Amino acid sequence: MAPNSLPASFQLFFTAAFFLILLHLHHCSAFGQNYHDALRKSILFFEGQRSGKLPPDQRVRWRRDSGLHDGASAEVDLTGGYYDAGDNVKFGFPMAFTTTLLSWSVIDFGKNMGGGELGNAIRAVKWGTDYLLKATAHDGVVYVQVGDPLSDHNCWERPEDMDTLRTAYRIDANNPGSDVAGETAAALAAASIVFRSRDPAYSRLLLNRAVKVFEFADRHRGAYSSSLRYAVCPFYCDNNGYQDELLWGAAWLHKASRRRVYREYIVRNEVVLRAGDTINEFGWDNKHAGINVLLSKEVLMGRAADLKSFQINADEFICSVLPGFSHTQVQYSPGGLIFKAGGSNMQHVTSLSFLLLAYSNYLSHANHAVPCGETSASPALLKRLAKRQVDYILGDNPLRMSYMVGYGPHYPQRIHHRGSSLPSVQAHPTRIGCKAGSRYYLSPNPNPNLLVGAVVGGPNISDAFPDSRPYFQESEPTTYINAPLVGLLAYFSAHP
(Lines give C-alpha, C1' and ligand atoms only; values in the text may rest on other atoms or scores of the structure.)
Protein backbone atom coordinates (compact mmCIF):
# COMPACT_ATOMS: atom_id res chain seq x y z
CA MET A 1 0.00 0.00 0.00
CA ALA A 2 1.43 3.42 -0.97
CA PRO A 3 1.98 5.85 1.95
CA ASN A 4 -0.63 8.30 0.70
CA SER A 5 -3.24 5.58 0.56
CA LEU A 6 -3.05 4.79 4.27
CA PRO A 7 -6.32 5.30 6.13
CA ALA A 8 -6.61 8.78 7.64
CA SER A 9 -6.51 7.38 11.17
CA PHE A 10 -3.14 5.70 10.48
CA GLN A 11 -1.73 8.85 8.86
CA LEU A 12 -2.82 10.82 11.91
CA PHE A 13 -1.26 8.26 14.25
CA PHE A 14 2.08 8.27 12.44
CA THR A 15 2.17 12.08 12.21
CA ALA A 16 1.47 12.43 15.93
CA ALA A 17 3.96 9.68 16.81
CA PHE A 18 6.67 11.27 14.67
CA PHE A 19 6.18 14.66 16.29
CA LEU A 20 6.22 13.19 19.79
CA ILE A 21 9.50 11.43 18.97
CA LEU A 22 10.86 14.72 17.62
CA LEU A 23 9.83 16.48 20.82
CA HIS A 24 11.43 13.76 22.93
CA LEU A 25 14.70 13.93 20.99
CA HIS A 26 14.90 17.69 21.36
CA HIS A 27 13.92 17.42 25.01
CA CYS A 28 16.79 15.01 25.58
CA SER A 29 19.30 16.70 23.26
CA ALA A 30 22.60 18.02 24.48
CA PHE A 31 21.83 21.45 23.01
CA GLY A 32 21.74 23.16 26.39
CA GLN A 33 20.51 26.70 26.85
CA ASN A 34 21.30 29.28 29.49
CA TYR A 35 17.72 30.27 30.17
CA HIS A 36 18.60 32.64 32.99
CA ASP A 37 21.01 34.58 30.76
CA ALA A 38 18.30 34.76 28.09
CA LEU A 39 15.78 35.89 30.73
CA ARG A 40 18.10 38.70 31.87
CA LYS A 41 18.57 39.87 28.30
CA SER A 42 14.89 39.60 27.36
CA ILE A 43 14.03 42.03 30.18
CA LEU A 44 16.97 44.33 29.43
CA PHE A 45 15.55 44.82 25.92
CA PHE A 46 12.71 46.92 27.34
CA GLU A 47 15.19 49.53 28.58
CA GLY A 48 16.32 49.98 24.99
CA GLN A 49 12.71 50.73 24.00
CA ARG A 50 12.10 53.40 26.61
CA SER A 51 10.83 56.82 25.65
CA GLY A 52 11.03 59.89 27.86
CA LYS A 53 13.47 60.94 30.55
CA LEU A 54 15.73 57.99 31.29
CA PRO A 55 16.47 57.18 34.94
CA PRO A 56 19.96 57.17 36.50
CA ASP A 57 19.95 53.35 36.65
CA GLN A 58 19.34 53.01 32.88
CA ARG A 59 21.45 50.04 31.75
CA VAL A 60 21.25 50.44 27.96
CA ARG A 61 23.77 53.25 27.93
CA TRP A 62 23.77 54.12 24.22
CA ARG A 63 20.20 55.41 24.55
CA ARG A 64 19.43 58.98 25.66
CA ASP A 65 16.32 60.99 26.60
CA SER A 66 13.72 61.30 23.85
CA GLY A 67 10.15 62.44 23.28
CA LEU A 68 10.37 64.93 26.15
CA HIS A 69 7.59 67.11 24.73
CA ASP A 70 5.16 64.32 23.89
CA GLY A 71 1.61 65.47 24.57
CA ALA A 72 2.52 69.17 24.59
CA SER A 73 0.41 69.86 21.49
CA ALA A 74 -2.64 68.58 23.41
CA GLU A 75 -1.53 70.25 26.66
CA VAL A 76 -1.08 66.92 28.43
CA ASP A 77 1.98 65.03 29.65
CA LEU A 78 2.47 61.93 27.52
CA THR A 79 6.16 61.46 28.11
CA GLY A 80 7.48 57.99 28.88
CA GLY A 81 6.22 54.63 27.75
CA TYR A 82 7.72 52.38 25.09
CA TYR A 83 8.43 52.53 21.41
CA ASP A 84 6.74 49.37 20.19
CA ALA A 85 9.34 48.19 17.69
CA GLY A 86 12.00 49.67 15.42
CA ASP A 87 10.30 53.02 14.85
CA ASN A 88 9.66 56.03 17.08
CA VAL A 89 5.87 56.01 17.40
CA LYS A 90 4.20 55.17 20.71
CA PHE A 91 1.28 52.95 19.73
CA GLY A 92 -1.01 52.51 22.73
CA PHE A 93 -2.69 49.26 21.66
CA PRO A 94 0.44 47.07 21.50
CA MET A 95 1.98 48.94 24.45
CA ALA A 96 -0.98 48.03 26.64
CA PHE A 97 -0.87 44.40 25.48
CA THR A 98 2.85 44.32 26.21
CA THR A 99 2.16 45.58 29.74
CA THR A 100 -0.58 42.99 30.27
CA LEU A 101 1.68 40.12 29.18
CA LEU A 102 4.64 41.37 31.21
CA SER A 103 2.32 41.47 34.21
CA TRP A 104 0.99 37.97 33.52
CA SER A 105 4.60 36.77 33.22
CA VAL A 106 5.36 38.17 36.69
CA ILE A 107 2.09 36.89 38.21
CA ASP A 108 2.54 33.30 37.02
CA PHE A 109 6.31 32.98 36.80
CA GLY A 110 7.82 35.75 38.93
CA LYS A 111 8.73 33.21 41.60
CA ASN A 112 11.08 31.58 39.06
CA MET A 113 12.93 34.77 38.12
CA GLY A 114 15.24 35.27 41.08
CA GLY A 115 15.31 38.53 43.02
CA GLY A 116 17.37 40.63 40.62
CA GLU A 117 15.46 39.79 37.47
CA LEU A 118 12.11 39.92 39.22
CA GLY A 119 12.94 43.50 40.22
CA ASN A 120 13.90 44.35 36.64
CA ALA A 121 10.70 42.78 35.30
CA ILE A 122 8.59 44.76 37.77
CA ARG A 123 10.35 47.96 36.72
CA ALA A 124 9.56 47.09 33.10
CA VAL A 125 5.88 46.74 34.02
CA LYS A 126 5.89 50.07 35.86
CA TRP A 127 7.49 51.92 32.95
CA GLY A 128 4.45 50.87 30.95
CA THR A 129 1.81 51.55 33.62
CA ASP A 130 3.21 54.97 34.53
CA TYR A 131 2.61 55.96 30.92
CA LEU A 132 -0.84 54.36 30.74
CA LEU A 133 -1.85 56.30 33.86
CA LYS A 134 -0.89 59.52 32.08
CA ALA A 135 -2.80 58.45 28.96
CA THR A 136 -5.97 57.85 31.03
CA ALA A 137 -5.67 60.76 33.46
CA HIS A 138 -8.80 62.55 32.22
CA ASP A 139 -12.21 60.89 32.56
CA GLY A 140 -13.82 59.99 29.26
CA VAL A 141 -10.58 60.34 27.28
CA VAL A 142 -7.81 57.87 26.49
CA TYR A 143 -4.73 58.95 24.58
CA VAL A 144 -3.89 55.97 22.40
CA GLN A 145 -0.93 57.09 20.29
CA VAL A 146 1.83 59.66 20.09
CA GLY A 147 3.48 60.31 16.74
CA ASP A 148 2.24 60.55 13.19
CA PRO A 149 3.18 57.16 11.70
CA LEU A 150 3.45 58.32 8.10
CA SER A 151 5.78 61.15 9.09
CA ASP A 152 7.79 58.81 11.31
CA HIS A 153 8.06 55.99 8.78
CA ASN A 154 9.24 58.46 6.15
CA CYS A 155 12.40 59.02 8.21
CA TRP A 156 15.21 56.87 9.52
CA GLU A 157 16.40 58.77 12.57
CA ARG A 158 17.26 58.23 16.21
CA PRO A 159 14.51 58.81 18.76
CA GLU A 160 16.84 61.38 20.35
CA ASP A 161 16.76 63.40 17.08
CA MET A 162 13.05 63.19 16.33
CA ASP A 163 11.63 66.14 14.43
CA THR A 164 8.63 64.34 12.99
CA LEU A 165 5.04 65.17 13.94
CA ARG A 166 4.33 64.07 17.53
CA THR A 167 0.56 64.27 17.20
CA ALA A 168 -1.34 62.97 20.24
CA TYR A 169 -4.32 60.84 19.18
CA ARG A 170 -7.24 60.21 21.54
CA ILE A 171 -10.50 58.35 21.82
CA ASP A 172 -13.58 59.71 23.60
CA ALA A 173 -17.36 59.30 23.67
CA ASN A 174 -17.72 60.63 20.11
CA ASN A 175 -14.71 58.69 18.80
CA PRO A 176 -14.80 55.37 20.65
CA GLY A 177 -12.12 52.73 20.91
CA SER A 178 -13.32 49.82 23.04
CA ASP A 179 -10.46 47.67 21.78
CA VAL A 180 -7.57 49.82 22.93
CA ALA A 181 -9.47 51.00 26.03
CA GLY A 182 -10.35 47.41 26.94
CA GLU A 183 -6.72 46.35 26.56
CA THR A 184 -5.59 49.35 28.62
CA ALA A 185 -8.02 48.35 31.38
CA ALA A 186 -6.62 44.80 31.23
CA ALA A 187 -3.05 46.09 31.52
CA LEU A 188 -3.83 48.31 34.51
CA ALA A 189 -5.80 45.54 36.25
CA ALA A 190 -3.12 42.89 35.64
CA ALA A 191 -0.41 45.24 36.87
CA SER A 192 -2.42 46.00 40.00
CA ILE A 193 -1.93 42.33 40.95
CA VAL A 194 1.84 42.67 40.42
CA PHE A 195 1.96 45.60 42.85
CA ARG A 196 -0.70 44.40 45.32
CA SER A 197 1.75 43.41 48.03
CA ARG A 198 4.75 45.40 46.79
CA ASP A 199 3.15 48.86 46.62
CA PRO A 200 -0.48 48.74 47.82
CA ALA A 201 -1.18 52.42 47.13
CA TYR A 202 0.06 52.17 43.55
CA SER A 203 -1.87 48.93 43.11
CA ARG A 204 -5.11 50.62 44.22
CA LEU A 205 -4.45 53.50 41.82
CA LEU A 206 -4.01 51.05 38.94
CA LEU A 207 -7.13 49.06 39.81
CA ASN A 208 -9.33 52.11 40.28
CA ARG A 209 -8.17 53.50 36.94
CA ALA A 210 -8.75 50.14 35.26
CA VAL A 211 -12.36 50.19 36.52
CA LYS A 212 -12.94 53.66 35.04
CA VAL A 213 -11.30 52.86 31.71
CA PHE A 214 -13.29 49.63 31.37
CA GLU A 215 -16.56 51.45 32.09
CA PHE A 216 -15.67 53.93 29.35
CA ALA A 217 -14.77 51.13 26.91
CA ASP A 218 -18.03 49.29 27.57
CA ARG A 219 -20.31 52.33 27.56
CA HIS A 220 -18.96 53.81 24.32
CA ARG A 221 -18.52 50.80 22.07
CA GLY A 222 -16.63 50.92 18.80
CA ALA A 223 -13.30 50.13 17.18
CA TYR A 224 -10.54 52.70 17.44
CA SER A 225 -9.51 52.01 13.88
CA SER A 226 -12.89 53.35 12.77
CA SER A 227 -12.36 56.53 14.78
CA LEU A 228 -8.66 57.00 13.95
CA ARG A 229 -8.27 55.03 10.73
CA TYR A 230 -5.51 57.01 9.03
CA ALA A 231 -3.46 57.25 12.20
CA VAL A 232 -3.53 53.60 13.23
CA CYS A 233 -4.09 51.67 9.98
CA PRO A 234 -2.42 49.69 8.52
CA PHE A 235 0.01 49.67 11.46
CA TYR A 236 -2.13 48.54 14.41
CA CYS A 237 -5.53 48.39 12.81
CA ASP A 238 -8.09 46.41 14.79
CA ASN A 239 -9.01 43.70 12.31
CA ASN A 240 -10.62 41.43 14.86
CA GLY A 241 -13.23 43.70 16.43
CA TYR A 242 -13.39 45.16 19.93
CA GLN A 243 -15.54 42.45 21.53
CA ASP A 244 -12.64 40.29 22.69
CA GLU A 245 -10.97 43.22 24.45
CA LEU A 246 -14.13 43.84 26.49
CA LEU A 247 -14.12 40.22 27.68
CA TRP A 248 -10.33 40.37 28.22
CA GLY A 249 -10.60 43.55 30.28
CA ALA A 250 -13.46 42.08 32.32
CA ALA A 251 -11.48 38.87 32.89
CA TRP A 252 -8.50 40.74 34.30
CA LEU A 253 -10.74 42.99 36.42
CA HIS A 254 -12.44 39.86 37.74
CA LYS A 255 -9.05 38.40 38.63
CA ALA A 256 -7.72 41.64 40.15
CA SER A 257 -10.79 42.89 42.03
CA ARG A 258 -12.74 39.68 42.83
CA ARG A 259 -15.89 41.76 42.35
CA ARG A 260 -18.80 39.61 41.27
CA VAL A 261 -19.97 42.19 38.75
CA TYR A 262 -17.15 41.28 36.35
CA ARG A 263 -17.83 37.56 36.53
CA GLU A 264 -21.49 38.25 35.84
CA TYR A 265 -20.48 40.49 32.94
CA ILE A 266 -18.39 37.68 31.42
CA VAL A 267 -21.16 35.09 31.74
CA ARG A 268 -23.82 37.49 30.46
CA ASN A 269 -21.75 38.63 27.46
CA GLU A 270 -20.05 35.36 26.54
CA VAL A 271 -22.20 34.82 23.44
CA VAL A 272 -22.79 38.39 22.34
CA LEU A 273 -19.06 39.17 22.60
CA ARG A 274 -18.17 35.98 20.68
CA ALA A 275 -16.04 34.24 23.29
CA GLY A 276 -15.82 31.10 21.16
CA ASP A 277 -14.41 32.80 18.05
CA THR A 278 -10.93 32.14 16.64
CA ILE A 279 -9.86 30.20 19.70
CA ASN A 280 -6.34 29.54 18.38
CA GLU A 281 -5.40 33.23 18.08
CA PHE A 282 -3.63 35.34 20.68
CA GLY A 283 -1.79 38.62 20.23
CA TRP A 284 -2.16 42.37 20.42
CA ASP A 285 -5.26 42.25 18.15
CA ASN A 286 -6.94 39.00 19.20
CA LYS A 287 -7.37 37.94 22.81
CA HIS A 288 -9.65 34.91 22.46
CA ALA A 289 -7.22 32.13 23.38
CA GLY A 290 -5.86 34.24 26.25
CA ILE A 291 -9.32 34.85 27.67
CA ASN A 292 -10.10 31.13 27.64
CA VAL A 293 -6.83 30.10 29.29
CA LEU A 294 -6.98 32.86 31.91
CA LEU A 295 -10.54 32.02 32.98
CA SER A 296 -9.91 28.26 32.89
CA LYS A 297 -7.70 28.36 35.97
CA GLU A 298 -10.70 28.87 38.27
CA VAL A 299 -12.72 26.21 36.47
CA LEU A 300 -9.93 23.65 36.85
CA MET A 301 -9.69 24.52 40.54
CA GLY A 302 -13.41 23.80 40.95
CA ARG A 303 -14.38 27.39 41.73
CA ALA A 304 -16.26 28.55 38.63
CA ALA A 305 -18.66 26.06 37.06
CA ASP A 306 -20.43 28.92 35.27
CA LEU A 307 -17.24 29.54 33.28
CA LYS A 308 -16.92 25.92 32.12
CA SER A 309 -17.39 26.85 28.45
CA PHE A 310 -14.16 28.86 28.58
CA GLN A 311 -12.24 25.79 29.73
CA ILE A 312 -13.79 23.79 26.87
CA ASN A 313 -12.59 26.52 24.50
CA ALA A 314 -9.12 26.40 26.07
CA ASP A 315 -8.97 22.63 25.54
CA GLU A 316 -9.95 23.14 21.89
CA PHE A 317 -7.22 25.75 21.58
CA ILE A 318 -4.66 23.23 22.79
CA CYS A 319 -5.84 20.62 20.27
CA SER A 320 -5.71 23.23 17.49
CA VAL A 321 -2.05 24.03 18.21
CA LEU A 322 -0.61 20.56 18.80
CA PRO A 323 0.86 19.16 15.58
CA GLY A 324 -0.31 15.75 14.44
CA PHE A 325 -3.75 16.03 15.96
CA SER A 326 -6.85 16.00 13.81
CA HIS A 327 -7.83 19.64 14.28
CA THR A 328 -4.42 21.30 14.06
CA GLN A 329 -4.85 24.85 12.76
CA VAL A 330 -1.26 26.03 13.10
CA GLN A 331 1.56 25.40 10.64
CA TYR A 332 5.03 24.29 11.65
CA SER A 333 8.26 24.90 9.76
CA PRO A 334 10.45 21.89 8.89
CA GLY A 335 12.60 22.84 11.90
CA GLY A 336 9.58 22.76 14.22
CA LEU A 337 8.73 26.46 14.62
CA ILE A 338 5.10 27.54 14.96
CA PHE A 339 4.26 29.58 11.90
CA LYS A 340 1.33 31.84 11.06
CA ALA A 341 1.07 33.91 7.90
CA GLY A 342 1.54 37.66 8.21
CA GLY A 343 4.24 39.84 9.71
CA SER A 344 6.48 39.23 12.68
CA ASN A 345 5.86 35.52 13.19
CA MET A 346 7.73 35.35 16.52
CA GLN A 347 4.84 37.23 18.16
CA HIS A 348 2.70 34.13 17.55
CA VAL A 349 5.46 31.79 18.69
CA THR A 350 5.98 33.49 22.05
CA SER A 351 2.31 34.31 22.77
CA LEU A 352 0.97 30.85 21.94
CA SER A 353 3.87 29.16 23.76
CA PHE A 354 3.14 31.27 26.84
CA LEU A 355 -0.45 30.04 26.83
CA LEU A 356 0.71 26.43 26.42
CA LEU A 357 2.95 26.79 29.46
CA ALA A 358 0.45 28.68 31.60
CA TYR A 359 -2.32 26.18 30.80
CA SER A 360 -0.03 23.22 31.44
CA ASN A 361 0.55 24.55 34.97
CA TYR A 362 -3.18 24.99 35.57
CA LEU A 363 -3.79 21.46 34.28
CA SER A 364 -1.03 20.01 36.47
CA HIS A 365 -2.52 21.48 39.63
CA ALA A 366 -5.90 19.99 38.71
CA ASN A 367 -4.43 16.63 37.60
CA HIS A 368 -6.15 17.12 34.26
CA ALA A 369 -5.23 16.33 30.66
CA VAL A 370 -6.70 17.76 27.45
CA PRO A 371 -8.84 15.38 25.40
CA CYS A 372 -8.02 15.68 21.68
CA GLY A 373 -10.13 13.23 19.70
CA GLU A 374 -9.16 9.69 20.57
CA THR A 375 -6.06 10.70 22.48
CA SER A 376 -5.14 13.28 25.10
CA ALA A 377 -2.47 15.89 25.68
CA SER A 378 -0.76 15.83 29.06
CA PRO A 379 0.58 18.92 30.83
CA ALA A 380 4.08 17.53 30.24
CA LEU A 381 3.48 17.46 26.48
CA LEU A 382 2.37 21.10 26.50
CA LYS A 383 5.48 22.08 28.41
CA ARG A 384 7.72 20.21 25.97
CA LEU A 385 6.16 21.95 23.00
CA ALA A 386 6.56 25.37 24.65
CA LYS A 387 10.18 24.54 25.51
CA ARG A 388 10.81 23.40 21.96
CA GLN A 389 9.70 26.82 20.69
CA VAL A 390 11.91 28.64 23.19
CA ASP A 391 14.89 26.47 22.28
CA TYR A 392 14.32 27.20 18.60
CA ILE A 393 14.40 30.94 19.32
CA LEU A 394 17.64 30.55 21.28
CA GLY A 395 19.47 28.62 18.55
CA ASP A 396 18.23 25.03 18.41
CA ASN A 397 17.14 25.39 14.78
CA PRO A 398 18.36 24.50 11.27
CA LEU A 399 20.50 27.66 11.01
CA ARG A 400 21.94 27.19 14.53
CA MET A 401 21.16 30.87 14.97
CA SER A 402 19.77 32.62 18.01
CA TYR A 403 16.99 35.04 17.16
CA MET A 404 17.71 37.00 20.34
CA VAL A 405 20.28 39.75 19.84
CA GLY A 406 23.29 39.27 22.10
CA TYR A 407 22.48 35.68 23.04
CA GLY A 408 24.70 32.88 21.78
CA PRO A 409 27.55 33.04 19.26
CA HIS A 410 25.39 33.70 16.18
CA TYR A 411 22.46 36.16 16.20
CA PRO A 412 20.96 38.89 13.93
CA GLN A 413 23.37 41.73 13.22
CA ARG A 414 21.26 44.06 11.07
CA ILE A 415 17.95 44.38 12.87
CA HIS A 416 15.29 46.76 11.58
CA HIS A 417 15.61 49.30 14.39
CA ARG A 418 16.43 52.97 14.08
CA GLY A 419 18.25 53.50 17.37
CA SER A 420 20.30 50.34 17.04
CA SER A 421 21.31 50.91 13.41
CA LEU A 422 22.33 54.57 13.67
CA PRO A 423 25.43 55.81 15.52
CA SER A 424 24.66 56.58 19.17
CA VAL A 425 24.53 60.17 20.43
CA GLN A 426 27.76 59.51 22.30
CA ALA A 427 29.52 58.34 19.13
CA HIS A 428 27.92 60.97 16.88
CA PRO A 429 26.80 63.98 18.98
CA THR A 430 25.56 66.05 16.05
CA ARG A 431 22.04 65.50 14.80
CA ILE A 432 21.35 62.97 12.03
CA GLY A 433 18.43 64.25 9.96
CA CYS A 434 15.37 62.50 8.61
CA LYS A 435 16.87 61.40 5.30
CA ALA A 436 20.51 61.44 6.39
CA GLY A 437 19.86 58.17 8.22
CA SER A 438 19.00 56.35 5.00
CA ARG A 439 22.60 55.37 4.32
CA TYR A 440 22.70 53.54 7.65
CA TYR A 441 19.42 51.80 6.83
CA LEU A 442 20.81 50.57 3.51
CA SER A 443 24.28 49.75 4.82
CA PRO A 444 25.40 46.10 4.75
CA ASN A 445 27.35 46.70 7.97
CA PRO A 446 26.17 45.32 11.33
CA ASN A 447 24.26 47.69 13.61
CA PRO A 448 26.68 49.74 15.74
CA ASN A 449 24.52 49.53 18.90
CA LEU A 450 23.63 46.13 20.29
CA LEU A 451 19.98 46.03 21.38
CA VAL A 452 20.62 43.16 23.77
CA GLY A 453 17.65 40.85 24.29
CA ALA A 454 15.70 41.97 21.23
CA VAL A 455 13.92 39.04 19.54
CA VAL A 456 13.26 39.65 15.86
CA GLY A 457 10.30 38.61 13.71
CA GLY A 458 12.22 35.49 12.77
CA PRO A 459 12.59 33.07 9.89
CA ASN A 460 10.04 32.19 7.23
CA ILE A 461 8.06 28.97 6.87
CA SER A 462 11.18 27.30 5.40
CA ASP A 463 13.40 28.27 8.37
CA ALA A 464 15.29 30.78 6.18
CA PHE A 465 16.25 34.17 7.61
CA PRO A 466 17.50 37.25 5.75
CA ASP A 467 19.63 39.22 8.20
CA SER A 468 18.80 42.52 6.52
CA ARG A 469 17.07 45.71 7.73
CA PRO A 470 14.73 46.13 4.74
CA TYR A 471 13.16 42.74 5.52
CA PHE A 472 11.29 44.21 8.45
CA GLN A 473 8.85 41.33 8.93
CA GLU A 474 11.79 39.08 9.72
CA SER A 475 14.32 41.50 11.22
CA GLU A 476 12.26 43.89 13.39
CA PRO A 477 11.96 43.30 17.14
CA THR A 478 8.82 44.23 19.09
CA THR A 479 7.93 44.59 22.75
CA TYR A 480 5.04 42.15 22.38
CA ILE A 481 7.37 39.41 21.14
CA ASN A 482 9.45 39.73 24.31
CA ALA A 483 6.71 40.23 26.91
CA PRO A 484 5.40 36.63 26.94
CA LEU A 485 8.92 35.29 26.39
CA VAL A 486 9.89 36.74 29.79
CA GLY A 487 7.48 34.34 31.49
CA LEU A 488 8.62 31.38 29.41
CA LEU A 489 12.29 32.01 30.13
CA ALA A 490 11.61 32.50 33.84
CA TYR A 491 9.95 29.10 34.06
CA PHE A 492 12.58 27.23 32.08
CA SER A 493 15.42 28.89 33.98
CA ALA A 494 14.02 27.16 37.07
CA HIS A 495 12.89 23.96 35.30
CA PRO A 496 15.43 23.34 32.52
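A quick note: this is a predicted structure, and the numbers were derived from the prediction, not measured. Residue numbers count from 1 along this sequence.
Taking the side chain as every heavy atom from C-beta outward, Arg414 and Pro446 approach each other to under 4.5 Å. Contact annotation: the side chain of Leu356 never approaches that of Lys383 to less than 4.5 Å [non-hydrogen atoms, C-beta and beyond]. Within the 4.5 Å cutoff, side-chain heavy atoms of Ile481 are placed close to those of Thr478.
A cation-pi arrangement is found for Lys126 relative to Tyr202, the charged atom lying closer than 6.0 Å to the ring centre and inside a 45° cone about the ring normal.
Residues Asn482 and Ser42 have side chains that never bring a donor and an acceptor to within less than 3.5 angstrom of each other. Side-chain N/O atoms of Thr136 and Arg209 include a donor and acceptor closer than 3.5 Å. For the 3.5 Å distance criterion, the side chains of Tyr131 and Ser51 fail to qualify, holding no donor opposite an acceptor. If you check the side chains of Lys134 and Thr79, you find a donor sitting under 3.5 Å from an acceptor. Looking at Tyr224 and Gln145, their side chains never bring a donor and an acceptor atom within 3.5 Å of each other. Using modelled atom types, one finds no donor on one side chain facing an acceptor on the other under 3.5 Å when comparing Asp467 with Tyr411. Side chains of Lys387 and Tyr392: a donor-acceptor N/O pair is absent below 3.5 angstrom, by distance only. Using modelled atom types and a 3.5 Å distance limit, the side chains of His348 and Gln389 yield no donor-acceptor pair. Asn447 and His417 share no donor-acceptor pair across their side chains, judged by distance under 3.5 Å alone. In this structure, a donor-acceptor pair under 3.5 Å is absent between the side chains of Asp285 and Tyr236. Between the side chains of Ser420 and Trp62, not a single donor N or O lies within less than 3.5 Å of an accepting N or O.
A salt bridge (Lys or Arg N to Asp or Glu O under 4.0 Å) with Glu160 holds for exactly one of Arg63, Arg64, Arg50; it is Arg63. Considering Phe235, Trp248, Phe97, Phe93 in turn, Phe93 is the only one that fulfils the ring-ring contact (aromatic ring centres under 6.0 Å, His included) rule with Trp284.
The minimum heavy-atom distance between Glu474 and Pro466, with the atom names listed, is CG-CD, 3.9 Å.
Looking at Arg469, its side chain does come within 3.5 Å of a backbone N or O of Tyr441 through a donor-acceptor pair. Put simply, the side chain of Ser378 gets close to the backbone of Leu381: a donor and an acceptor are under 3.5 Å apart. For the pair Ser443 (side chain) and Tyr440 (backbone), a donor-acceptor distance under 3.5 Å is absent. Side-chain N or O atoms of Asp152 include none that pairs as donor or acceptor with a backbone N or O of Thr164 at under 3.5 Å.
Electrostatic pairing of Glu117 and Arg40 does not count as a salt bridge here, judged by no charged N lying under 4.0 Å from a carboxylate O. Between Glu281 and Lys287 there is no salt bridge, since no side-chain N of the basic residue sits under 4.0 Å from a carboxylate O of the acidic one. Salt-bridge check for Lys90 with Asp70: passed, with a basic side-chain N closer than 4.0 Å to an acidic carboxylate O.
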Subject >> CA sep, side-chain torsions, deciding dist, call: Phe354, Trp104, ring-ring contact (aromatic ring centres under 6.0 Å, His included) >> reply: CA-CA 10 Å; Phe354 179 92; Trp104 198 355; 5.0 Å; yes
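No more than 12 heavy-atom neighbours from other residues, nucleotides or ligands sit within 6.0 angstrom of NE2 on His365.
Between Tyr359 and Tyr362, the two ring planes are perpendicular [angle over 60°; tilted spans 30° to 60°].
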